[in-house]
Structure formats: structure tokens, C-alpha cells
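Notes follow the structure.
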Amino acid sequence: MSMVERTSTKQTKKLHVLCATPECVPFVKTGGLADVAGALPRALKRLGTRVSVILPKYSAIPWEYVSKMEHIAEFYVPLSWRYEYCGLEKLRYKGVEYYFIDNEHYFKRDGIYGFFDDGERFAFFSKAICEAINYIGELRCDIIHCNDWQTALVPVFLHEFYHEIPSCRNVRVTFTIHNLKFQGQFGDQMIGDVLGLAGKPNAVRQLYIDRESINFMQAGLCYADRITTVSPSYAGEIQMPFYGEGLDGLLRRRSCIVRGILNGIDVELWNPKNDKLIHSRYSIQDLSGKARNKAHLQQELGLDVDPTRPLIALIGRLTAQKGIGLVTYAMNYLMQRGVQVVVLGTGEKEYEDSFRYFAATYPRQVSACITFDNALSHRIYAGADIFLMPSVFEPCGLSQLISMRYGTIPVVRETGGLRDSVIPYNKYTQEGTGFRFCNINADEMTRILMDACELYWTDKKAWTELQKRAMRANFSWSRAAHEYLRVYLQLCPEYTNIYVKR
Ligand code: ADP
């Protein structure tokens, strides 16, 4: 479909999207959802929509933002038999309005998640959002865009308690799954005691997953008007038992409203042309700086400073999801082939210790940086030749997008967002932006990895062209924002004439 644009700046009534999220850059971040919630609203705003964001006011939010918040309202939120205080604070930041739900009992804690009452905390958050839409005129919206289990009860509450209220009646809900593994499962005593849904048989039916447990995400997926996830392939995969985490049946039933939209990256932040965190800056027109970054990185990590050795990078959580077991299995063979490997990440102890062992055994070929270091990650993206990402499942994945932007060729397993973002290299047509393998199999991964190394060793011209194609790939947020706008317009067709196709 063609691009969507606003026709006229004179038009006063814009589509209003309220983005409900448990985390958002730059205020609070534990994962990729925070990046999406930080970038998507601004990209949507550039398309001419009105976007507001609502999130909890955690004590982890830096003072530089808290000090600028304006207290705009306070009200009480009904949670079953009691009423809980809720303050509403507002902050305008880079052209977007942010609203913070304030309740110190629930959100003034050392940490964001992982408390015994997380179910109650985010049930309160979801109910407070509904109350805020009801009480606060400027929060009246056309769409609520919910993200992950922490906001999954919003469509349930809206439908069960607010459907007769004019300000809430026409609000439509888009629900985005960022990682289906985390669903918000709790004991069923919450239904009556916290959620106040005991008298609502439909809601009760959608919440239960077994005799005594309920699942917020399951209920949210039942009540949402549109379901999206962060890549088209993951949208298909989660409808199958292997990836479906027990909700594949429900997602198959609702497959006509499920859609995958690939995330973008901040192309200003991740730009080798003006990245201040790397040794030498470079661009598609002049890649010479990349070789200098590699030499500098090899020296910094204590590896042999040798341009002929392919330098393979791994950056990310060292967990089973990321396919790290395949890498540790293949390491001895890779060492015999003379390549170098740099690992930056933390995670399961078994994997951390494996890489420490390989770094001690092959000090001139392996570097294990078992830490979280943003500046070092920039230097690795810029200095490495190949980026390895053999994930078992990957909803979207940002690292492969970043590595392509830096001309570091991704070698990935064909799953989720990896499959959607890396086009396989074809030596006959000279197309593609990386290398892919299919099965969760270390030998298959190694074979494809060595194919990439062969090309690096034997055909410099083809390798450089491959790097340039990878760097040219468009992963900006503007593409994703257009796709989200299309989803919203399906739910609010009355706005379609404002945003024409051309
Ligand atoms: P995840 O499943 O963890 O969200 P993604 O690939 O979507 O994986 O995003 C991971 C992001 O975090 C990337 O931007 C990556 O560069 C960054 N990252 C992960 N681990 C580290 C680390 N140890 N040090 C620095 N950055 C890291």
C-alpha cells in the first residue's frame, strides 16, 4: 500500500492515540519495549496524529524529568471493594505529552518489576488509565495502544465497566505483544479481590487458564480490537505451538486481527557517520574508517591486530533464547579456522563461564566482555566484520538492525524479526544484506558462518558491496509509524479522509 499523509494542516480534529506502556525511554527502561514507546509516538506525530503516552510514575525516573512534571489532577480509582488514590502528572518532552500515574504505594519502590503484588500494581495502572480517560478531557482519545501484559487489562475494564460512558464508549484498543513469554499469570483470588470482575462472567472466562490461575495477556488478547507484534514472521510463529507459549490457539482464532510490524531503530543515534562513541567515523561513500575501527578494537581487546582475520561479534543477553548454546558448541572449531570472536553481554552463568574459558584458552582470538557497556557496544558494532545472532526465537531484535547500519554483516537464524530484516546473500545475483540458516543446529550455523568468512577472505569487492547494501537498508521508525497508522485507521475509518494515500 502507498504512503499515508495528512492532506491539510487546517484540519483541526486529529486522530488521538493514547499509548499505554509500563516503560518508556528516556524515563525508564528494562527492555526493547521502552525503545518502541520512546520512538513510535514521535514518529506518529510527524505523520500528523496527536499522540499522548501514559505510564507509571516510578521512583526510578530521573529527577531532571520529575522536577519538570506538572500536577494536573487527582482522583480515586475503584479496585473491587476499595478506592486507591491516583495523582496525574504531566510532562511535555520533545513535542509529545507524557502522563504519569502517581501512587507511591504501588510505584515508589526499588525496581520496576519483580514484586509479590505485580498483578495488583498493574491492574491498578490499567484501571487508573480508564479513570483518567473518563475524568480528564485532554485524555479523551480514539485509540488506546496497549503494550504487553502490564496494560492488558485496559480493554477488559473498558469493555466491562466503561462501555456506557460517552468518553470511553468509542475508544478502540490496539494491543502489541513485545515478548509472548511474559504474560502476567496470577492466582485467581485476584478476580474478586482486586479486579472486581467476579460478577462479569465473560471476563472471568477469558481470564482463567487453569483451575486456579488467571492470565492478563490472554484476557487482553480476547478483548483487543487489533493485535500487533513486532515483526511479521513472529506474528505467524506465535500462532504455532512451538512459539505460542500456550496462547497459539487463541491467536489462531483471532488471526484475522493479528498483524506484525517490524520495529525501527533510532537512525540518528546509530549512525557511523557521526557516532561520537567510535574511533573513526565512516559512511557508505567511504568505508575506510571501518578498517581503522577494527584495528583499534582488536588492540583494545588484546586480540591479534590482523585485518585478514574475520572478527565475529555477539552482543546481547547470554540466554538460551539467544541460541548461545550453539555458539559455545562451535567455538573450538571456529578457533581452528582462525577467526576472532568478541562477546559483550551478561546472562546465564553457564554461558558467561564458557566464554570466560574460551577467552582464557585463546587470548589472541577471543574476548569475553561479561558486562553491560553501551559505549563498547558502539565500538564493537563499528569494528567487527560479522554479527552473529542465532536466536531460538526473536520477536524483532534490534542488534541485527544496528549491525547492518554499521556495515557489520549479520549471520542469523531464520526466525521472527531476524528473518524479516536480513535478506540472504545470493552470490549469483549479488543481492542480500547478510547470511541466514534455518535449523537450531550448531553445525548448520557454523557452515553458514564459514560461508560468510569465505566471502570475506576471497572476494573483497563482493564483501564491500554486501556491506553497502546492508548499510542502505531502511530501518527508520517512519516506515513502522506508517504501518501503525494504517492499523489505527482500520479501527477509526472516519479519519481516513484526513490521511490520504498517494
Ligand atoms: P532483547 O531481546 O534483549 O531486547 P534486542 O536485540 O532487541 O534484544 O535488543 C538488545 C539491545 O540491547 C541492543 O541495542 C544491544 O546493543 C543492547 N545490549 C544488549 N546487551 C548489551 C550489553 N551487554 N552491553 C551493551 N548493550 C547491550
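In each ligand, atom 1 is the first atom listed, and ligand 1 is the first ligand listed.
Sorted by first and then second residue, the pairs that involve residues 254-270 and meet side-chain hydrogen bond (donor to acceptor under 3.5 Å, both in side chains), not counting sequence neighbours, are Arg259-Glu483. Applying the salt bridge (Lys or Arg N to Asp or Glu O under 4.0 Å) test to residues at least two apart or on different chains, none of the pairs has a partner in residues 216-242.
With a 6.0 Å cutoff to the six-membered ring centre and a 45° limit on the axis angle, Lys94 does not count as a cation-pi contact of Tyr98.
The ring of Phe100 has its center closer than 6.0 angstrom to the ring center of Phe27.
What you find for Ser421 and Phe475 is that their closest heavy atoms are O-CZ, 3.6 Å.
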Show me a pair-per-line table, with atom names and distances to 0.1 Å, of protein N or O atoms that are under 3.5 Å from an N or O of ligand 1.
unit_1, atom_1, unit_2, atom_2, d
ligand 1, 2 (O), Arg317, NH2, 2.7
ligand 1, 2 (O), Lys322, NZ, 2.9
ligand 1, 3 (O), Arg317, NE, 2.8
ligand 1, 6 (O), Leu398, N, 3.0
ligand 1, 6 (O), Ser399, N, 3.3
ligand 1, 6 (O), Ser399, OG, 3.0
ligand 1, 7 (O), Leu398, N, 3.1
ligand 1, 8 (O), Lys322, NZ, 3.1
ligand 1, 16 (O), Tyr381, OH, 2.7
ligand 1, 23 (N), Thr371, O, 2.9
ligand 1, 24 (N), Asp373, N, 3.1

Which atom pairs, one a donor and one an acceptor, fall under 3.5 Å between side chains of residues 301-316 and the rest of the protein, sequence neighbours left out?
unit_1, atom_1, unit_2, atom_2, d
Asp304, OD1, Arg364, NE, 3.0
Asp304, OD1, Arg364, NH2, 3.3
Asp306, OD1, Thr308, N, 2.9
Asp306, OD1, Thr308, OG1, 2.7
Asp306, OD2, Thr308, OG1, 3.3
Arg309, NH1, Gly338, O, 3.0

